[in-house]
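Heads up: the structure comes next, in structure tokens.
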Amino acid sequence: MRARLGGKARAMSKPSSVLIMGAGLGGLTAALALMQRGFKVRVYEQAEILIETGAGLTLPSTSMRVFDALGVWKRVRDVSADAARMAFLHYQTLELLHGTYNYAWTQKPNSPDQAGHAHRAAIHGILAEEVARRDPGALILGRRVQHVAQDENAVRATFENGETAEGDILIGADGLRSATFRSVFGADNPARFTGVIAIRCMIPRDKRIEPYLADGRAVKYVGVKRGFVRYGLNNGTLVNCVGLARTDSWREEGWMHPCSREDFLELYADFHRDVRGLIEHAPQGRIFKWALYAREPLSSWTKDRVTMLGDAAHPMLPYLGQGATAAIEDALVLARALETHDDYSDAFKSYESERLTRTTAQMRASERQGEALNRGPGEYNELRPSQTLLSGYDPRTVPV
Ligand SMILES: Cc1cc2nc3c(=O)[nH]c(=O)nc-3n(C[C@H](O)[C@H](O)[C@H](O)COP(=O)(O)OP(=O)(O)OC[C@H]3O[C@@H](n4cnc5c(N)ncnc54)[C@H](O)[C@@H]3O)c2cc1C
């Protein structure tokens, strides 16, 4: 099959057809924002079916404002928990190092200016449903992009199954190991193993784990070269746990590598029993790990008819919960730029210059936070990420 969106290529540069590679949070948000503005969009996703993947995500107000602009904030709020407060505790003594306790397990964000915690699958599901509601043919599954080529008239994606799709412009939203990036720029965005791995699981909140939850809904335990975060999800019925630990034992990138409960526990053996008790109840077979790789911020991620967004453009270390929001912010700013400018190359320039400064700051701040975590509780106490960075940005109104 060879699909050509939008008919014959036009001399004018305003794109009538947009191809998006990857239906993660960034790709789906971009699809929705573009459809809202009248663009014809096709999203190509490698997965054959959209299964419930991932665990908890932080959604700072900067992403909630995007959901507000897209008309889905109320749905997002209904599956989120208020993340305005979190207690940062010493990993052994439970001394409060920073932040405040939050005992409100079922409190939801009150407005789009408030951050939330939510299950990645719930947010992904809302976005996918909205995309399908606007255009049932917009999301095409089982298409793994291998190659992207362009000329003065069009851009063409070739998929692993031999099919091709053609459009006026293409957005690479295919995540960490972006095939779009590799194809367009000739090599992977270089990555360096940080020596840290992340481990995640979700534990049903029942009476067996209640004794370990005395400090409230959202807690970060700060240890030496290791941290452990937990917060409630799904109206307080699940506890999302993530450990970030320095270790040389393993170094695979990717979201679905299994980890045993014993290995998880071993890394946290000297943590307070509130942490060890939770790990002891982590569901075997539902614990996943991934190695953290750092990338240098790029000076550009656009080439002619192709631009990138989200992890494909600026993968973030997870220490400040900025990864998902950066992709979601990109999506709205890019759609607004394409709506504002008649020429897609002006739109790409405007999008990139607006987003480069902010995503570089998000990457640097996340890396600094990770370094402080590695040094241990004493140093961590001194570190205060800028609130302007975390919540002062509004993708609905930044100039494009
Ligand atoms: C399965 C999965 C689970 C995750 N779990 C968590 C989690 O628990 N906690 C957390 O903080 N973050 C998680 N993330 C990452 C988080 O969603 C992203 O870091 C962030 O949202 C940035 O989004 P993105 O859209 O740029 O990338 P992603 O959300 O990674 O989306 C990229 C999309 O592109 C698709 N794709 C990749 N290669 C190709 C290709 N060649 N052709 C077509 N499609 C392709 C992927 O299948 C995916 O759907 C997960 C990501 C995935 C894919």
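Positions are given from 1 along the sequence. All values below come from the heavy atoms of this structure, side chains included, with hydrogens, waters and symmetry mates left out. Ligands are counted one by one from 1 in listed order, and the atoms in each one are counted from 1 as well.
- Atom 27 (O) of ligand 1 has its closest protein heavy atom at G175 CA, 3.9 Å.
- Considering H314, H119, R120 only, the shortest heavy-atom separation from atom 50 (C) of ligand 1 involves R120.
- Using modelled atom types, one side-chain atom of D151 and one backbone atom of A154 make a donor-acceptor pair closer than 3.5 Å.
- Taking atom 19 (O) of ligand 1 as the reference point, the nearest protein heavy-atom neighbour is D311 OD2, 2.6 Å.
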Where do W105 and L213 land on the side chain to side chain contact (heavy atoms under 4.5 Å, CB included) test, with the steps shown first?
CA-CA 11 Å; W105 284 83; L213 303 176; 3.9 Å; yes

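- Under a hydrophobic clustering in which Ile, Leu, Val, Met, Phe, Trp and Tyr are joined whenever their side-chain heavy atoms come within less than 4.5 Å, directly or via other members, M86 and L389 fall into different clusters.
- Under the 4.0 angstrom criterion for non-hydrogen atoms, P315 is not in contact with ligand 1.
- Residue E45 has at least one nitrogen or oxygen atom sitting less than 3.5 Å from a nitrogen or oxygen atom of ligand 1, judged on distance alone.
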Carefully, step by step, assess E352 and T302 under the rule side-chain hydrogen bond (donor to acceptor under 3.5 Å, both in side chains).
CA-CA 8 Å; E352 199 179 78; T302 300; 2.7 Å; yes

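- The salt bridge (charged side-chain N to carboxylate O under 4.0 Å, His left out) test with E329 singles out one residue from R65, R396, R358, and that residue is R358.
- Taking atom 5 (N) of ligand 1 as the reference point, the nearest protein heavy-atom neighbour is G54 CA, 3.3 Å.
- Between L57 and ligand 1, not a single N/O pair is under 3.5 Å apart.
- Aromatic pair F228/Y268: centroids less than 6.0 angstrom apart.
- A donor-acceptor pair under 3.5 Å is absent between the side-chain atoms of T158 and the main chain of Q146, judged by distance alone.
- At the top of the distance list for atom 9 (N) of ligand 1, counting protein heavy atoms only, stands G56 O, 3.6 Å.
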Kindly indicate, with the supporting measurements, whether the criterion side chain to side chain contact (heavy atoms under 4.5 Å, CB included) is fulfilled by Y44 and D174.
CA-CA 9 Å; Y44 296 89; D174 46 350; over 6 Å; no

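- The part of Y44 lying near ligand 1 is the backbone, judged by heavy-atom distances below 4.0 Å.
- The G310 neighbourhood of ligand 1 comprises atoms 26 (O), with distances under 4.0 Å to a heavy atom of that residue.
- Proximity of a side-chain donor or acceptor of T58 to a complementary backbone N or O of P60 within less than 3.5 Å is not detected.
- Assignment of M21 to the shell around ligand 1 is not supported, since no heavy atom sits closer than 4.0 Å.
- The shortest contact between atom 15 (C) of ligand 1 and any protein heavy atom is with W255 CZ2, 3.1 Å.
- The closest approach between any non-hydrogen atom of A47 and ligand 1 is not below 4.0 Å.
- In this structure, atom 7 (C) of ligand 1 lies nearest to the protein heavy atom A55 N, 3.7 Å.
- For ligand 1, the atoms closer than 4.0 angstrom to any heavy atom of R143 are 42 (N), 43 (C).
- Near A179, with a cut-off below 4.0 Å to any heavy atom, the atoms of ligand 1 are 41 (N).
- Looking at H117, Q107, Q114, R77 one by one, the single match for side-chain hydrogen bond (donor to acceptor under 3.5 Å, both in side chains) with D82 turns out to be Q114.
- When each atom of ligand 1 is checked for a heavy atom of A327 under 4.0 Å away, the hits are 22 (C), 23 (O), 26 (O).
- Scanning all heavy atoms of the two residues, the minimum distance from R182 to D188 falls at NE-OD1, 2.9 Å.
- Residue contact check: G24 has heavy atoms under 4.0 Å from atoms 25 (O), 29 (O), 31 (O), 33 (C), 49 (O) of ligand 1.
- Here the two rings, on Y221 and Y91, have centers that are 6.0 Å apart or farther.
- Within 6.0 Å of NZ on K225 lie no more than 12 heavy atoms contributed by other residues, nucleotides or ligands.
- Counting only distance, with no hydrogens or angles, the side chain of Q92 and the backbone of D270 share a donor-acceptor pair below 3.5 Å.
- Close contacts between ligand 1 and G26 involve ligand atoms 25 (O) [criterion: under 4.0 Å to a heavy atom].
- Residue A324 approaches ligand 1 through these ligand atoms, each under 4.0 Å from one of its heavy atoms: 20 (C), 21 (O).
- Ligand 1 has a nitrogen or oxygen under 3.5 angstrom from a nitrogen or oxygen of V145.
- Close contacts between ligand 1 and A23 involve ligand atoms 49 (O) [criterion: under 4.0 Å to a heavy atom].
- Residue-environment remark: CZ (R286) stays at or below the threshold of 12 foreign heavy atoms within 6.0 Å.
- Of the polar atoms of Q46, at least one N or O is found under 3.5 Å from an N or O of ligand 1, judged by distance alone.
- Nearest protein heavy-atom neighbour of atom 32 (C) of ligand 1: A173 O, 3.5 Å.
- Among protein heavy atoms, the minimum distance from atom 37 (C) of ligand 1 is reached at D174 O, 3.2 Å.
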